[in-house]
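Before any comments, here is the structure.
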Amino acid sequence: MAPRCWRWWHWSVWPRTRPPPARSTLSFRQHFSTQEKTPQICVVGSGPAGFYTAQHLLKHHTQARVDIYEKQLVPFGLVRFGVAPDHPEVKNVINTFTQTAHSDRCAFWGNVEVGRDVTVPELREAYHAVVLSYGAEDHQALDIPGEELPGVFSARAFVGWYNGLPENQELAPDLSCDTAVILGQGNVALDVARILLTPPEHLEALLLCQRTDITKAALGVLRQSQVKTVWIVGRRGPLQVAFTIKELREMIQLPGTRPILDPEDFLGLQDRIKEMPRPRKRLTELLLQTATEKPRVEEAARLASASRAWGLRFFRSPQQVLPSPDGRRVAGIRLAVTRLEGVGEATRAVPTGDVEDLPCGLVLSSIGYKSHPIDPSVPFDLKLGVIPNMEGRVVDVPGLYCSGWVKRGPTGVIGTTMNDSFLTGQMLLQDLKAGLLPSGPRPGSVAIQALLSSRGVRPVSFSDWEKLDAEEVARGQGSGKSREKLVDPQEMLRLLGH
Ligand code: FAD
């Protein structure tokens, strides 16, 4: 069903195009006269959602022009800054995104932060439609005492650090402790645990076959890591874990490392497996097998020689981060013991009143990502952390759309993001066809470039990115890596001659 306002909305209420600044008048006029049949669309964010939305629009409308605005100097969002550096195959989607960016009807404008350098109303004036695909960049706070202690990090920042996100390069985690605790039991938690526990020689092997783009600085710190045990803590039980079987299997098979699972946590689960949906059934079977079955001789020998370990700690909720005696860093975490109440989706963890202190020198909170509003003119549901929308149409704002994590919340893989971005693209094109978007010409990037220039903002193009890309690949060859990521924006701008 279309939002209520869709019926009464009409071109006459669309804000009028502001006259462009004098020095761009000529190009604006040329644009104006030649682009009448051309829908000008802009997408905010160049992660999977932004690129898949652009791909759909360009494929299904032969005239549409799509401009992608991105706040970083480089494209691809979490594919570059989130996906684990030892999962190069996942990053192959970059090839498809690159093809989209090479379309002569698509342009990438990096180094432009929407909400700061240009506002959403300004974009709406310049384009026929605007799609917000800016992801979920914040992390959920733990909201417990001691969270601010040195040695406590969000998994988001830790991931950004090893993946070369410029804003996280100062993180410098101290890995001289024996034990780390990760709060949360999703795929990001397992990624972080795997990176922390991968033996240095295995990291070297990944380097040799160019299967990692982990940053040099992170690799240096991880080589010196003293972390031997990682606890992955969840408020609920084995049936509620949010990670998937592929990531679990990788952990179980991690060289030099053994799993610690308490068989008691799995009591009674065998009987319930039959009723479970297939993915949950397979996941639970693997957990159960690892926790309760005797390993074969070869596997037993491998486990016996393992020098590192990881464990799943169920029914524990973080209550307080405990300081070292001098109060200068984390020394442990107090966990409230929980039990489950309710059934199915409504299952909740409630405290039993018991607590447990777990000594550790590092706490990483991986309890979720979160979107934030980027412009006061855009409706935002602070509770759900999403832009309220109906199949990608922003509720009560005609001509404004959203896709990806900011549309449906920070869950799901790249494939899920692809499907929901295609759906948003489809809705936009339906509205265009139905005459629900402004019919007159729009100046598109011409007007926005003039605005940015008047504000001293210098965007970077996709061919600029390709120069940086070539530089990264060349630097990586020296150290046997697929690339050595550039992490300093000033250096990147210098390399581009900006
Ligand atoms: P993002 O990828 O976050 O893209 C949003 C983009 O918007 C970013 O480039 C950001 O810089 C930009 N932006 C933000 N604010 C602004 C602004 N104001 N102005 C302009 N631009 C802005 N999925 C898999 O399938 N396989 C995996 O192995 C995998 N690993 C993951 C690991 C981690 C740590 C995380 C967090 C996620 C992982 N995912 C994985 C999930 C996948 O990354 C997401 O499904 C997907 O990236 C969501 O796409 P998005 O475009 O909505 O958000």
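Numbering of ligands and ligand atoms starts at 1, following listing order. Being a predicted model, the structure only gives us computed values, none of them experimental.
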Is there a nitrogen or oxygen of A49 sitting under 3.5 Å from a nitrogen or oxygen of ligand 1?
yes

Geometric N/O contact V79 with ligand 1, under 3.5 angstrom
no

Using protein heavy atoms only, decide if any is under 4.0 Å from atom 19 (N) of ligand 1.
yes

Please confirm whether W405 comes within less than 3.5 Å of ligand 1 when only nitrogen or oxygen atoms on both sides are compared.
yes

Mind checking whether E137 contacts ligand 1 via backbone (N, CA, C, O), side chain (CB onward), both or neither, at a 4.0 Å heavy-atom cut-off?
side chain

Heteroatom distance test (E70, ligand 1): nitrogen or oxygen, under 3.5 angstrom
yes

Winner among S371, G412, G409, G186 once heavy atoms are compared against atom 41 (C) of ligand 1
G412

So for V413 against ligand 1, with non-hydrogen atoms under 4.0 Å, the contacting part is both

Under 3.5 Å, is there a donor-acceptor pair between the Q55 and H60 side chains?
no

Within-cut-off N or O pair, K71 and ligand 1, under 3.5 Å
yes

Does any N or O of ligand 1 fall below 3.5 Å from an N or O anywhere on H87, backbone included?
no

Proximity of V112 to ligand 1 by residue part, where a heavy atom lies under 4.0 Å:
backbone

Which protein heavy atom lies closest to atom 15 (N) of ligand 1, and at what distance to 0.1 Å?
Y134 CB, 3.6 Å

When you compare the side chains of R408 and T417, does any donor N or O come within less than 3.5 Å of an acceptor on the partner?
yes

Please work out whether any backbone atom (N, CA, C, O) or any side-chain heavy atom from C-beta onward of V90 is under 4.0 Å from ligand 1, and answer side chain, backbone, both or neither.
side chain

What protein heavy atom is closest to atom 53 (O) of ligand 1, reported as residue, atom name and distance in Å?
G135 CA, 3.5 Å

Record the part of S133 in heavy-atom contact with ligand 1 below 4.0 Å; permitted values are side chain, backbone, both and neither.
backbone

Looking only at protein heavy atoms, what sits closest to atom 29 (C) of ligand 1 is V83 CG2, 3.7 Å

Residue portion contacting ligand 1 (non-hydrogen atoms closer than 4.0 Å) for V159:
side chain

For atom 7 (O) of ligand 1, what is the nearest protein heavy atom, given as residue, atom name and distance?
G45 CA, 3.3 Å

Determine whether the aromatic ring centres of F108 and Y69 lie less than 6.0 Å apart.
no

Write out the residue and atom name of the closest protein heavy atom to atom 34 (C) of ligand 1, then the distance separating them to 0.1 Å.
G82 O, 3.4 Å

For atom 25 (O) of ligand 1, what is the closest protein heavy atom, and at what distance to 0.1 Å?
I414 N, 2.9 Å

Would H372 and F380 count as a ring pair (Phe, Tyr, Trp, His ring centres under 6.0 Å) here? Give the steps.
CA-CA 8 Å; H372 58 257; F380 196 84; 7.8 Å; no

Counting both backbone and side chain atoms, is some N or O of V188 under 3.5 Å from an N or O of ligand 1?
no

Under 6.0 Å between ring centres: does that hold for F51 and F76?
yes

Hey, is atom 38 (C) of ligand 1 under 4.0 Å from any protein heavy atom?
no

